[in-house]
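Order of the sequence lines fixes the chain letters, A, B, ..., with proteins taken first and strands second; residue numbering starts at 1 for each chain. Because the structure is predicted, anything quoted here is derived from the model rather than measured.
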Amino acid sequence: MSNRIDLCFERLRAQRQTAFIPYICAGDPTLDATCRIAAALEEAGADILELGLPFSDPLADGIANQLAAQRALAAGATTRGVLDCVRSIRRQSDIPIVLYTYLNPILQFGWAEFHSAATEAGADALLILDLPPDEETDQSATDSLFHIRLIAPTTPEARIATIAASARGFIYYVSREGVTGARATVESSVAERVGLIRSHTKLPIAVGFGISTAPQATEVARIADAVVVGSAIVERISKLTDSMGLEEGVRSFVRPLAAATKQPGGMK
Amino acid sequence: MRQPELVPDARGHFGPYGGMFVPETLMSALHDLAAEYERAKHDSEFQEELAGLLRDFAGRPTPLYLAVRLTNHLAGAKIYLKREDLLHTGAHKINNALGQILLARRMGKHRIIAETGAGQHGVATATVAARFGCECVIYMGATDMERQALNVARMRFLGAKVIPVTAGQATLKEAINEAMRDWVTHVRTTHYILGSALGSHPYPMMVRDFHRVIGVEARRQILEREERLPDLLVACVGGGSNAIGLFHPFLDDLSVRMIGVEAGGEGISSGRHAARFQGGRLGVLQGTKTFLLANEDGQIELTHSVSAGLDYAAIGPEHSYLRDCGRVTYDYATDDEALAAFRLLAEIEGIIPALETAHAIAHVTKIAPKMSREEMIIVSCSGRGDKDVAQAAQRLL
């Protein structure tokens with residue numbers, strides 16, 4: 001079976017559209033709520049879902065995502081719980097799911113065990129923030145569960161080529177030096193760097209880290225094949241409660257971001 | 001026992017431990033750092049400048065001091081103290097800080113950041129930053145700032161900006177997270193002077209090499225004085241920088257046994273400790289694969305020690321490797337044992353040790369009486385205890 005991520009980008013390419021990828025932290029505020037938030041995100045225009053498996057020491061993340069992970073762990077999120085959550089989302093939807101996490105939770109679960117459990121639950125890819133491809137010796141499990149590769153503004157061109165060679169699904173370009181979190185502007189080097197990466201791969205390129213507003217999403221959508229918005233949504237979720245209409249709050253916040261991403265046109 | 005191989009390999013692996021487990025943004029800076037360090041290692045000008053600073057600025061060589069009254073009191077092996085506590089800034093940490101600031105200068109990086117637990121590494125970093133006219137930012141857990149207030153004031157007098165970290169349990173681990181976040185954000189202009197034999201390659205190797213001077217001197221001094229090698233080396237192990245510095249030059253001397261002493265906190269069964277080899281598991285934290293304290297889901301567990309410098313969830317990767325080889329054994333001392341040793345060394349030798357160091361002394365008080373008077377121990381007196389006096393007074397006076 002083809003990976004849902006490949007199918008998704010094929011479809012969007014035919015429609016000349018940019019993918020919108022929201023990030024949320026599983027278990028924040030609860031795992032049950034995460035399933036409902038996922039449905040709301042899809043209704044609001046999400047093409048791919050990036051789902052955080054919370055870790056106690058997320059050193060690539062800014063304060064919004066750190067606090068979300070803390071809330072999720074305090075609320076009782078476990079690795080098995082998050083995989084159950086993936087399973088529930090999968091029962092109601094075919095949206096591609098990328099699990100976003102750090103290496104230690106996966107190592108404790110067992111590398112091979114985690115790959116088969118995540119695949120069985122319905123996840124499509126894994127993005128491990130602190131696992132550069134250099135340290136990945138066992139790639140046997142990545143056929144069904146893609147490993148999304150990160151490229152940073154500081155990655156030299158020779159390394160871009162190496163990373164791109166082992167990439168599947170899409171490449172995630174980190175749009176700026178720094179941790180996740182909202183920023184006022186989009187880094188001016190993004191277009192040039194995305195162009196450079198394109199010269200080394202035919203895979204779609206997603207751009208994330210720091211994109212929080214509709215105008216920023218439109219700006220990046222002109223260059224990239226996918227736009228990732230994380231901390232801004234996470235922060236919004238932290239301010240919503242069930243009694244205030246959690247799902248409706250998420251939908252109304254995300255809809256303009258998704259729409260801004262999907263505006264046709266561009267120079268890709 | 002297996003003879004340890006020459007480690008790490010080119011990518012920083014000590015057997016199955018170590019490595020480079022960091023976000024992609026840092027990979028290029030770490031590769032550059034490793035390459036620059038390799039060049040500096042073979043550059044006689046760099047080595048001479050470092051040796052000169054260690055001698056004239058830091059105060060090396062440090063004495064190897066025969067602790068006569070402690071030896072008589074324990075009525076067993078002869079005990080020598082390697083007096084790193086006599087160095088400028090009061091601990092071994094200055095060895096590494098000087099080495100790394102010279103590297104930073106070679107790389108044209110004028111902004112220096114560091115984490116600190118007990119504050120000794122922060123003080124050493126602030127000191128070398130002042131000496132070389134660099135901007136300096138130190139991340140320190142808010143809990144540690146409270147229990148090591150003297151060192152916070154010292155860093156500020158030295159011109160460093162000390163930023164409190166309030167996340168999690170607000171100790172060393174959280175300070176490292178924040179320092180790494182700063183580094184990811186300012187990587188082109190900033191050098192991160194990591195303070196222990198921890199983190200991603202090349203830090204565990206580089207920090208070890210900068211502290212090897214401890215063991216190199218001790219080996220020469222004991223041979224001059226006793227005309228033979230010691231039987232046992234003892235050092236406390238947080239990340240493990242003073243221990244690896246003392247142990248490493250003796251690794252090929254198979255007659256020399258070595259013991260690293262972790263923080264047993266309130267006892268292993270209490271769950272409130274920082275003894276990674278007692279109930280820890282293999283995992284990855286802050287750039288390196290090693291033994292650490294985590295729950296079954298891989299979430300890092302809270303640690304406890306009376307000593308801020310040992311209060312950390314992971315151990316340096318080379319220590320995990322040396323333990324596997326059977327070359328070094330690891331034990332622990334509890335808070336109470338460390339406090340008793342702190343008091344004993346002060347009363348009997350006129351030396352107030354750091355609470356970290358007191359863990360090593362505590363182990364010596366247990367093991368020396370079981371050894372013969374012909375045997376010799378060298379214990380790393382890694383730091384002085386001025387910073388801990390207020391805290392110890394609360395517990396002991």
Side-chain angles (χ1 to χ4, degrees), chain A residues 53-63 66-67 69-70 72-74 76-82 101-110 114 128-137 149-156 158-160 163 172-181 183 209, chain B residues 10-13 16 18-32 115 165-169 173-190 199-201 281-290 292-302 313-314:
Chain A
L53 165 60
F55 178 50
S56 55
D57 291 83
L59 56 80
D61 281 296
I63 190 72
Q66 287 173 52
L67 291 174
Q70 266 183 35
L73 292 172
T78 61
T79 306
R80 285 182 195 286
V82 172
T101 190
Y102 292 79
L103 185 52
N104 204 45
I106 296 174
L107 285 182
Q108 301 315 324
F109 197 94
F114 184 86
I128 310 173
L129 275 294
D130 57 351
L131 181 65
D134 324 53
E135 292 289 354
E136 205 182 293
T137 43
R149 300 296 186 205
L150 291 151
I151 289 177
T154 50
T155 308
R159 190 172 162 79
I160 291 177
I163 292 174
Y172 191 130
Y173 178 63
V174 175
S175 72
R176 64 177 63 227
E177 289 155 40
V179 293
T180 57
R183 304 294 198 294
F209 276 48
Chain B
R11 293 193 298 120
H13 295 107
M20 301 177 86
F21 295 92
V22 293
E24 178 60 28
T25 308
L26 291 180
M27 285 302 283
S28 148
L30 288 165
H31 285 141
D32 290 350
E115 86 296 343
V165 180
T166 53
Q169 71 180 99
K173 173 171 69 79
E174 289 76 20
I176 295 178
N177 284 340
E178 264 335 285
M180 289 189 77
R181 289 183 184 116
D182 178 313
W183 202 31
V184 169
T185 311
H186 303 103
V187 63
R188 290 179 205 258
T189 58
T190 298
S200 167
H201 180 67
R281 52 180 91 214
L282 180 60
V284 165
L285 179 64
Q286 294 173 336
T288 194
K289 186 182 274 190
T290 188
L292 44 80
L293 294 169
N295 72 13
E296 59 177 12
D297 263 356
Q299 310 299 341
I300 305 304
E301 284 185 325
L302 300 185

Looking at [Y], is its backbone amide N or carbonyl O close enough to the side chain of [X] to form a donor-acceptor pair, meaning the two atoms are under 3.5 Å apart?
X	Y	result
B/N177	A/L59	no
B/Q299	A/P54	yes
B/R11	A/D134	yes
B/T25	A/E177	no

Side chain / backbone / both / neither for [X] at chain A, heavy atoms under 4.5 Å:
X	result
B/H186	neither
B/L292	side chain
B/R281	side chain
B/N295	backbone
B/E301	neither
B/M27	side chain

**Message:** Less than 4.0 angstrom from a charged side-chain N to a carboxylate O is my criterion; do A/D57 and B/K173 meet it?
**Reply:** yes
**Intermediate values then yes/no, side chain to side chain contact (heavy atoms under 4.5 Å, CB included), B/I300 and A/N104** = CA-CA 9 Å; B/I300 305 304; A/N104 204 45; 3.8 Å; yes
**Message:** At a heavy-atom distance under 4.5 Å, which candidate from A/I163, A/T78, A/L67, A/L53 has the highest pair count against chain B?
**Reply:** A/T78
Work out which heavy atom in [X] is nearest to a heavy atom in [Y]; give both atom names and the distance.
X	Y	answer
B/F21	A/P132	CA-CD, 4.1 Å
A/E135	B/M20	OE2-N, 2.6 Å
A/Q70	B/A167	NE2-CB, 4.4 Å

**Asked** Looking at CD of A/Q66 and CD of B/E178, how far apart are the two atoms once the value is rounded to the nearest 0.5 Å?
**Response** 5.5 Å
**Request:** Answer with side chain, backbone, both or neither: which region of A/L73 has an atom nearer than 4.5 Å to a non-hydrogen atom of chain B?
**Result:** side chain
**Message:** Need one label for A/I63: side chain, backbone, both or neither, based on atoms under 4.5 Å from any heavy atom in chain B.
**Reply:** neither
**Asked** Are side-chain heavy atoms of B/K289 and A/L107 found at a separation under 4.5 Å?
**Response** yes
**Message:** Does any part of the side chain of A/V174, heavy atoms only, come nearer than 4.5 Å to the side chain of B/E24, both counted from C-beta?
**Reply:** no
**Message:** Quick check for you: among B/D297, B/T185, B/L285, B/V184, which has the greatest number of heavy-atom pairs under 4.5 Å with chain A?
**Reply:** B/D297
